[in-house]
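Shown next, in structure tokens, is the structure this report addresses.
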Amino acid sequence: MSTHELYVNPPSGAGREIPATGDARFSWEYDLADTGRERLLALYQKGKDKQWDGARRIDWDLEVDPYDPLGTPDEALALHGTRHWAKLTEKDRGELRRHYAAWNFSQFLHGEQGAMVCAARIVESAPDLDAKFYSATQTMDEARHAEIYGRFLHDKVGMLYPINDDLQTLLDDTLRDSRWDMPYLGMQVLIEGLALAAFGMIRDTTDKPLPKQILAYVMQDEARHVAFGRMALRDHYKQLTDAELREREEFVIEGCHLMRDRLRGVEVLENFGVPRKEAEEYSERSEFLHLFRKLLFSRIVPCVKDIGLWGERLQRAYLDMGVLDLGDSSLDLLMSQDEEIAERLDAERFAAEERARVAEVAEAVRDGAAAE
Ligand SMILES: [Fe+2]
Ligand SMILES: [Fe+2]
């Protein structure tokens, strides 16, 4: 079925065109061992080794209740505790959960397409072949992610939301900029950092096995993407002037405000007849969403600090947002945990299959013995 039949609100147009800027670059140096960038080559190797196929690794036979795809508790819904909540029937509440899940995963889906386009842009614009090679593996990773989220929404939720206007703006700004580091900063650091935190919170709280598998496996790949962005930017930003660094920091501050204040799913509440202004107040007031919004920065802040964008203005902005202390958390630890969680999930699933197989054999042996 065409996705356009599943959009709750029609997207503006069949697609979107953003004029390309910046140069496509070739390199005639093919001896990768000679660049002295072993860590980047190791990441490229890992990118090749760790490819997987969502059509096989994910158990798509698992059933999903479209009216509660993630097992979301009442308190997590912005309408909870407001004058509207009491008026909602059980059926309405199920519908509300479905819309929120559709909104969330739709933003993930559009974001993954954005990540694919940005990774392809890096293939085109990065000056060195090793960065191009690595980024080609990431382009494939992001394609697989978009495929998986699209399938989940089509087959299991049956509903999609168009891209949020502010997410689109951030993507546009990232792709319009001709400086080669901007796709890294806008996509690998800001948008992916935000997405990763949101994936993690759902992965760790949902009791539904299918979305858990999807998120855990996607996050396993994302750890490589963040590592690549950090590696490239840390080196580059060491050579920039103060003025150039301040420009990047402004971009980060603006992007962070945009994501914190505008990516709240107000579109969903509007579809339930709540006026925009009121909907914004609800999501501002909800204690649960407050915590959620703070945690959304748990991957961005330490990354920004790590790549050397840690000027006074940026620190002040993070202080005002109440997220400055997140800069001290260890990204390496978070990412090795992401990898472990995915591997453990594989091991558990494999063990469960093995137990089922052994039980089947034992039963067959028993039946055979009884028949003798
Ligand atoms: Fe991705
Ligand atoms: Fe990614």
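Owing to the predicted nature of the structure, the values given are computational and were not obtained by experimental measurement. We count ligands from 1, going down the list as the structure has it; atoms in each ligand are counted the same way.
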Which pairs pass ring-ring contact (aromatic ring centres under 6.0 Å, His included) with one or both residues in residues 40-72, sequence neighbours excluded?
Tyr44-Phe133, Trp52-Tyr217
Are Tyr184 and Phe228 close enough that their ring centers fall under 6.0 Å?
yes
Partner of Arg357 under side chain to side chain donor-acceptor pair (under 3.5 Å), picked from Glu360, Glu354, Glu353, is Glu354
Ignoring waters, protein N/O/S atoms under 2.8 Å from the Fe ion (ligand 2) are Glu142 OE2, Glu192 OE1, Glu222 OE1, His225 ND1
Between Tyr282 and His84, what is the ring plane arrangement, given parallel below 30°, perpendicular above 60°, and tilted in between?
perpendicular
Pick one: which of Glu244, His236, Glu247 meets side chain to side chain donor-acceptor pair (under 3.5 Å) with Arg179?
Glu247
Taking the six-membered ring of Trp85 as reference, does the NZ or CZ atom of Arg93 fall below 6.0 Å from its centre and within a 45° cone about the axis?
yes
